[in-house]
Each structure stands twice: as C-alpha cells, then as structure tokens.
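This report refers to the structure that appears directly beneath it.
Each chain gets a letter, A, B and so on, in the order the sequences are listed, and its residues count up from 1. When reading the values below, keep in mind they use all heavy atoms of this one structure, side chains included, and skip hydrogens, waters and symmetry mates.
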Amino acid sequence: MRTGRCGELTLDDVGSHVRLCGWVARRREHGEHLAFVDLRDSTGVIQCVVEGSVELRSEYVIAVSGVVRRRPEGMENPALTTGAVEIGDCTVEVLATAEPPPFLVDDRAEVDEAVRLRHRYVDLRRPRMQRNLRLRAAVVRAIRAAMDAQGFCEVETPLLWAPTPEGAREFAVPSRLHRGDFYVLPQSPQIAKQLLMVGGFDRYYQIAKCLRDEDLRADRQFEFTQLDMEASFVTQEDVLGFVSEAVLDAAQAVTGERPPPIERMTWEEALDRFGTDKPDLRIAAELVDLGEVFAGTEVRAFGGPCVKALRVTGGGTMSRSRLDTLVERAKALGAKGLAWFRVVDADGASALESPLTRAMSEGEREGLLAKTGAVPGDLVLAVSDEHRSACTVLGQLRIEVLGRPVGEGPHRYVWVVEFPMFESIGADGHPVAAHHPFTMPHPEDLDRMATDPLSVRSQAYDLVLNGWELGSGSVRIHRADIQARVFAALGISDEEAESRFGFLMGAFRYGAPPHAGFAFGVDRLVAIFAGEESIREVIAFPKTQSGADPLTGAPKPLSASSLAELGLRIAAR
RNA sequence: GGACCUGUGGUGCAGCUAGGAGUGCACGCCGGCCUGUCAAGCCGGAGGUCGCGGGUUCAAAUCCCGUCAGGUCCGCCA
C-alpha cells in the first residue's frame, strides 16, 4: 500500500517515486494552483506539494503518490527532520474522511487530560505519545533480552488467582461455575513465582500485569506492569546483579549510554542522610546531625532526642509568611515544630536571624553554622524529635523546598539494602512486617526476633531512581523453622498461616530451594526515561484518579441477566 | 475518609478580589481571496446550559451552600 514512511525520507531519496500513507497534519492552500499538504505517519511529517487545489481537511487519511525532490534554495524547513526534501507532482487519494479533531494533533497544543483520555485515539497520534509508547516497547525489549541472556525463563502465571489477603485490596472476579465464589486478580505474582521455584524453574521472569484496588496517584494505576523475577540457589548479591543488568541494559538501549554501576546504601544510612528510604540523589543537600551542637542545650525546642538540620542554599530571602507555611507543613508531616535560621552577613561574619537565636549560646550558634556549612544568604531548617521523625520530616521538606527536578539531570540509581524486618508495633502488640512475611531476616539479627523485633534487619532491598521507588525484593524464607518464628513474631497463628498461605507452606514441605527475587515497575522506569511526571503518559489507556476510563466509560453497571448468572445482587447504597 | 487547585463556544486562556446585557484574546471550524508556504497570510462568518443544583440580590460567570468531574497530595499501596 505504501513504499515507505514519511519521516524516513532524506536527500538520498531524491528522484524516487514514492507512495506514502498517513494523516493530513496541516495544509496550506494558495488558490487553485498550489497547495502544501503536510502528511503525518508514525515516523514524522513530510511536505507534499500539489499543483492544483485539494479537497482535504485535517486528519483525513490519505495516500499520496509523487516524486521525492530537493526543496528549492531557501525553502528548507529545519524544524522538520524531512525539511530538506518534499514530495512533488502529488496525486492524492482519500482513504478515509475525518471530522475535525477535538484538539490539535500537535505536542504544542496543551490539552486537558480528561479531553485527551476521552479521545485517546487522537491523542496517541501526537508525537509525545508515539515517542513514549515506542520508548516503552524498547525498554521492555531490552529487559527481556537481558533476562534471557542471564538464563531466565519467561513463565506466565494466572490472572485468576485465589484470594490470599496480603495487604493491598484485591479486585474480585465472581465465578459463574462456582456461584458465590470468587477469584481475585493478583496484586503481584509473588506466591506463584515462589511455587515456580519449588517447581524447579530456578530462574524465572515475567513482564507481569499486577492489579491493586488502591487509590490512584501520578505514579500509581490500578493495573501496572512489573518485571517480576525470582531465582533459586542465589544470594541477595546475585539478585542485585541480575536486576542491575536488566535496568542498566534498558537505560543503555534508550539513552545510548550505559550508566555507571548502581551505588548502594543501607536503609539506616538513607534515612539518616536523606530522611527517606527512596532518596533523590540529584538533590545534593543532605541532612546534618546537630546532636553534638545541642547536647545539654537550654533551648527547649532542641531538647528532643535528635536534632537534624537542612541547609537551604539561597533560602535566606524567604519571606516570613513562606516560613510560616513551612512550619505548618512540618507540623502536618508530624513534627512538633520547625526551627528556621536566616544566615546574614554581620560585618563580614555570618550571623543567624531567628526567633530562637536569643536563647542559644554562642557555641550553639557557631556550631550550627559550622556543621551545616551555611553562608550568608542561606536558610537552615531544623527539627528536634525522635530520630526517625526528625529525619523524615526534613527529608520531605528537602524535596519540597529544594524542588525535585522533573525530566532533567542525570539518572541516579541507588540500591537501598538492609531494610528493617518490621516497621512498627501494631495495635495488637505484634510488629508489622515491612515487606512481606516470607522475607528472610538478616542472619546476624535472628536472635533478636522475639526480644527486640524493631532492631531486626531483613534481607530486603529496594531499587530507587531519582527519588522514585522502582521496585523491591528480598531473600525468601525457605526453612519451615524460620518461617514459623516469623509468623510467631507477627502474631500469625498456625491456623491463620494455614488458611492464608497453606498451599505455599505445603509446597515448601516437598523440597524448597533457597530463593530470592525482585520486581520493579516498568511504568515508572519508562516514565523517568521519558521525562514524564506521571505514568499515565507512558500507558496507552490509563484510568483517571477516580479509577474511571473516560473513553469506554468503565466502570459500568452489569446487566441484570449477567448479575443473575453470576449469582450477584447489588446492595442498596 | 481528608486537604488543596481547576471547571467560561471544539481547544487553550482572560473576565471573578470590587455583582450590572455572554464581554475579550489566541487557536480551531465554515465561506471567500491568494502560485513557495510551513502552527501560511488576508477578508468575512458561525459557534455558549460560564460543569450541575440551590441560595442571597432589583440583578450572579462573579458572592454563599451543596454536588459532580479532572488534577496534586495525605491516609491507603504487606
């Protein structure tokens, strides 16, 4: 039907007869003797010259036959990749007419996202979406190649799975044949892949759809795609290597450059230096510990067990009302308060401006300046609280005040390792699992599981890129005795373990190899590669924040007959 | 469950603080002119439930209450 594609024509093609197909991007008519038609396909736009008049409208689908020729001197268009050439002596055939599109098919037109989604098929024609989805395809291709090269076998796992309440809400699917019973859509193939390990597939991976019925965000959709992998007879170190290889290969495939080896830090270090378990290393500023400076201080605001500070370079010009907003923000984040210090120049020396300075000793003022390295024109924010709270509050302010770069700067990957086994003590007095209950505790910490659970580290790890959690994984428990101790620590009874995970525990009785795995979000990785703020921009047909699809109208009521067949009745609201 | 922002011809905005006739801008659309344009240009024209409902008022796009939709975030996401 066509001899080539619009965006691929260059001066090398001059003289060749071509037939091209695509959409009418723009047209410029000069009376009945001359018209320019910009023809667009997935590769780009080319100018077609018609000697005569045309009966075309925007977005008509046409086939153009003509001869590639060099544009006349001075008529080149550097804005087009094909701007050196044009198609001359064109004859045009209309393949399909089109109503005027709801918005301009051009990246320069800013369009409300609801309108874009309602007419996604038009939006997808725009270069941005073409670029993003093709980038996504390239990333997935590279990941598959990397996993294949490392000896992994792709295995599909069921979408219709058994309810195994694990944390995230599950989507339920009613069964017609077993009226009153339900399948659920998997939050992840977690248990399935552990069964594959028992089944002898010692290196498994899958580009898997995962479904979670939780509220949506810019980086969260009901359904999302993960590279899911698991391997037997491996250590944590092996897994980090496998995943690094896949991610760095993907980066190389789309940027042409291989990033340096991924750096690593412990969870404790990430919290202490950046106030978060997903540090954005593009932001240079780190949290500073002022514990020594304010040891035994008279200042009540700094009497907490920990004092942390953040230097805001150039923040000294911030208005009082802006600072008040920051104080409120810190309180909303859970801090008891937020101290601020403007650093000013006083006869060539640095001095502090703050409601607190009067109560501070000379040594405290000097110590604060020395430790933070702040100079006149800077701002210093400080929080005194429990270590974790002080760090997380300042960690959040670090992002909000210093600003997270979007789509700029280098890609800063980091492995965060040695996550705590338990994240807090729950209302029932038992610790709450930070990862999932199959996570292997750190061998050195096993003895403290019953006595001091919050100090127990796990063999769980996250991969973080530019402040986004790309994914997480862990070494799994394959020994029944350790699993029993973890269930006991979590307060999960034998009966409960049996009913929730019985089939997995049963499988483990038949010879479970030591295994470990990982899963990371493909949507997030692609969004960062594409410089997009939302994963919706790298998904062909995403849902809105309320979980609706403006194009199809989903979700919708089911017909009465369908409900009856499934044995369902809708309760009154 | 909660906080904040947004909603005005097909698209993007202004108008709202301080109420006075659907007022304005750009793009698109329709018609006309135009033989080298390129987000073509020039002339003319059409197109509106100011998201929806209620209230205040002589009078509401504008003020108040509610509601719906979209977005950002908190909760939630083992």
[X] side chain: which of [options] is closest?
X	options	value
A:A168	B:G12, B:C77, B:U72	B:C77
A:Q47	B:C38, B:U35, B:G75	B:C38
A:E113	B:G71, B:C77, B:U11	B:G71
A:R220	B:C73, B:A39, B:C76	B:C76
A:P102	B:G10, B:G75, B:G36	B:G10
A:P100	B:C76, B:U35, B:C29	B:C29
A:D106	B:C76, B:G36, B:A39	B:A39

What nucleic acid atoms does [X] come within less than 4.0 Å of, heavy atoms only: base, sugar-phosphate, or nothing?
X	result
A:R69	base
A:E76	base
A:D112	sugar-phosphate
A:P72	base
A:E423	nothing
A:R57	sugar-phosphate
A:A79	nothing
A:R118	nothing
A:E533	nothing
A:T439	nothing

Base [N] to side chain [X], donor-acceptor N/O within 3.5 Å cut-off:
X	N	value
A:E110	B:U11	no
A:R217	B:G75	yes
A:E73	B:G36	no
A:R26	B:G41	no
A:R212	B:C77	no
A:R71	B:C38	yes

Could you measure between the two [atom1] atoms, the one in [N] and the one in [M], and give it in whole Å?
N	M	atom1	value
B:A39	B:U57	C1'	47 Å
B:C4	B:U56	C1'	27 Å
B:G24	B:G48	P	15 Å
B:C25	B:C73	P	37 Å
B:A59	B:A40	C1'	47 Å

Determine: side-chain N/O of [X] to OP1/OP2 of [N], distance under 4.0 Å, yes or no.
X	N	result
A:Q545	B:U72	yes
A:R536	B:U72	yes
A:S546	B:G70	yes
A:R28	B:U37	no
A:S58	B:C29	yes

Any strand is fair game: report the nucleotide pairing with [N] by Watson-Crick or G-U wobble, both distances under 3.5 Å, or none.
N	value
B:C63	B:G55
B:C25	B:G12
B:G44	B:C30
B:U37	none

Review point. More 5' along RNA chain B: A:T544 or A:A433, using each one's nearest nucleotide?
Key: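 Counting from the 5' end, the first nearest nucleotide belongs to A:T544.
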Check your understanding: Distance-only, no hydrogens or angles: does the A:E469 side chain make a donor-acceptor pair with backbone N or O of A:V464 under 3.5 Å?
Key -> no
Check your understanding: Checking A:S474 side chain against A:A460 main chain: does a donor-acceptor pair fall under 3.5 Å?
Key -> no
Check your understanding: Any chance the rings of A:F36 and A:H30 have centres within less than 6.0 Å?
Key ->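 Centroid distance A:F36-A:H30: below 6.0 Å, so yes.
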Review point. So, A:W415 versus A:F518, ring centres under 6.0 angstrom or not?
Key: yes
